[in-house]
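Because the structure is a prediction, the values reported are computed rather than measured.
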Amino acid sequence: MARKLISDPAWVKTPEQIEGIRRAGVLNTALLDHVSTFVRSGVTTAQIDEVVYDFTVSHGGIPATLNYEGFPCSCCTSVNEVVCHGIPNEYERLRTGDIINIDVTTILDGFYADASRMFVVGGKTSKAKQALVDCAYECLQIGMRAAQPYGWVGDIGYAIARHARGHGYGVVKDYTGHGVGLDIHEEPYIPHYGQKGTGYQLLPGMVFTIEPMINMGDWRVFVDSDDDWTVISWDEKPSAQWEHTFLMTENGLEILSY
Ligand code: MF3
Ligand code: CO
Ligand code: CO
């Protein structure tokens, strides 16, 4: 996408919509805080999913991924070489040294917010996996700083990919950040690679995620044919991801969920 594109004014949320998404964001963040206390060696990803469901529903929310295009669970749990869209299940037990991404999208009063975090099970992993987790977090921070009001979507991916590739890591291209708020995935889509000054313009009032998926090895991925959901790195080396929901303001990004 080697040019500048005019954003649809309909992508700009109204103040009322922003208030609703802000409230969904607060609940979604509280959910990840709550879930984080359950991540430990011996826990199954199905147990994590149950915690997500119970907390969300008891706070008046709906887990957006549950039955979304047939997805069977209230969150995605992506362990080690799983890049994203891992399905929680009762056979998968976390072990010390695993790295896991827990990704939650919450609907509150019809408004959506989306965030994910990495967790190191048992608090200790290999130097290589810890460095990957840290770099993926840096990529999100760097992408956040690159997103300027009246700037361009390509500015974000350019900055992220430069940082990740500088560490020798692969940047996943098949899945992107996205607009969010009135639906789970909206325009504009936000690739985590690209060229400065290209793509759609970032306008105040736009709400979107940045969620870089960074692979220790090859950037390519495949989808597990057993379930048609689980996305795995091509070389089955570890992958890490962090995601926030943001509001673009006249002064830069505000975090709505983390
Ligand atoms: N929360 C994911 C995202 O960041 C969406 C997951 S859709 C699912 O876009 F169906 F895989 F759960
Ligand atoms: Co998400
Ligand atoms: Co997302």
Side-chain angles (χ1 to χ4, degrees), residues 21 24-25 27-32 34-36 38-39 43-94 98-119 172-187 189-192 207-213 215 221-233 236 239-245 256-258:
I21 301 164
L27 179 55
N28 199 60
T29 299
L31 168 59
L32 279 176
H34 179 69
V35 166
S36 69
F38 290 83
V39 179
V43 159
T44 67
T45 49
Q47 288 174 303
I48 290 172
D49 187 60
E50 192 180 326
V51 170
V52 171
Y53 181 84
D54 291 346
F55 183 93
T56 303
V57 170
S58 70
H59 288 79
I62 302 169
T65 61
L66 190 56
N67 304 318
Y68 166 72
E69 292 185 4
F71 192 82
C73 290
S74 300
C75 63
C76 299
T77 49
S78 302
V79 178
N80 296 330
E81 72 280 5
V82 177
V83 171
C84 62
H85 301 171
I87 305 176
N89 67 85
E90 58 186 305
Y91 308 106
E92 185 176 45
R93 224 171 261 288
L94 299 180
D98 284 344
I99 58 171
I100 179 175
N101 175 278
I102 301 178
D103 190 340
V104 292
T105 308
T106 299
I107 311 173
L108 184 64
D109 300 330
F111 297 104
Y112 292 67
D114 183 5
S116 78
R117 301 181 194 167
M118 295 300 295
F119 300 92
V172 172
K173 293 188 174 186
D174 302 58
Y175 302 88
T176 65
H178 50 89
V180 66
L182 311 182
D183 203 344
I184 184 168
H185 295 136
E186 302 173 349
E187 298 268 18
Y189 289 87
I190 315 279
H192 304 107
V207 176
F208 57 88
T209 73
I210 304 176
E211 50 181 293
M213 283 144 273
N215 291 353
V221 301
F222 66 95
V223 177
D224 188 339
S225 56
D226 289 344
D227 60 25
D228 283 339
W229 275 109
T230 309
V231 179
I232 303 170
S233 62
E236 301 190 38
S239 183
Q241 174 181 32
W242 296 80
E243 173 177 29
H244 297 348
T245 292
L256 298 187
S257 189
Y258 60 91

Donor-acceptor pair between Ser78 and Asn101 side chains, under 3.5 angstrom: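 Absent: no donor and acceptor within the cut-off.
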Closest non-hydrogen atom pair, [X] against [Y]:
X: Cys84; Y: Met213; value: SG-SD, 3.9 Å
X: Glu211; Y: Gln241; value: O-NE2, 2.9 Å
X: His185; Y: Tyr189; value: CB-OH, 3.6 Å
X: Tyr112; Y: Leu182; value: CE1-O, 3.5 Å
X: Pro63; Y: Tyr53; value: CG-CD1, 3.9 Å
X: Ile87; Y: Pro72; value: CG2-CG, 3.7 Å

Residues in side chain to side chain donor-acceptor pair (under 3.5 Å) contact with [X], at least two apart in sequence or another chain:
X: Thr44; value: Gln47
X: Glu81; value: none
X: Thr29; value: Ser257
X: Asp227; value: Thr230

Audit row: Leu256, Val207, side chain to side chain contact (heavy atoms under 4.5 Å, CB included) steps and yes/no: CA-CA 9 Å; Leu256 298 187; Val207 176; 4.1 Å; yes
Exam field: side chain Thr65 to backbone Cys73, donor-acceptor pair closer than 3.5 Å: yes
Under 3.5 Å: donor-acceptor pair, side chain of Asn89, backbone of Glu92: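 Between the backbone of Glu92 and the side chain of Asn89 there is a qualifying donor-acceptor contact (under 3.5 Å).
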Matching residue for His178 among Ile184, Ile190, Thr209 - test: side-chain contact (heavy atoms from CB on, under 4.5 Å): Thr209
Supply the atom-to-atom distance [X] [atom1] to [Y] [atom2], rounded to the nearest 0.5 angstrom.
X: Thr176; Y: Phe208; atom1: OG1; atom2: CZ; result: 12.0 Å
X: Ile107; Y: Leu27; atom1: CD1; atom2: CG; result: 11.5 Å
X: Phe71; Y: Asp228; atom1: CZ; atom2: CG; result: 12.5 Å
X: Ile62; Y: Thr56; atom1: CD1; atom2: OG1; result: 10.0 Å
X: Thr105; Y: Glu243; atom1: OG1; atom2: CD; result: 6.5 Å

Summary of salt bridge (charged side-chain N to carboxylate O under 4.0 Å, His left out) pairs that have at least one residue in residues 44-53, sequence neighbours excluded: none
Salt bridge (charged side-chain N to carboxylate O under 4.0 Å, His left out): pairs with one or both residues in residues 98-115, sequence neighbours excluded: Arg23-Asp109
Tyr258 OH: over 12 foreign heavy atoms closer than 6.0 Å: no
Hey, are the side chains of [X] and [Y] touching, using non-hydrogen atoms and a 4.5 Å cut-off?
X: Phe55; Y: Val35; value: no
X: Val221; Y: Tyr175; value: yes
X: Val43; Y: Phe38; value: no
X: Ile48; Y: Pro88; value: no
X: Ile99; Y: Asn80; value: yes

His85 and Trp229 aromatic ring geometry - parallel, tilted or perpendicular at 30°/60° bounds: perpendicular
CA sep, side-chain torsions, deciding dist, call: Ile100, Thr45, side chain to side chain contact (heavy atoms under 4.5 Å, CB included): CA-CA 10 Å; Ile100 179 175; Thr45 49; 4.2 Å; yes
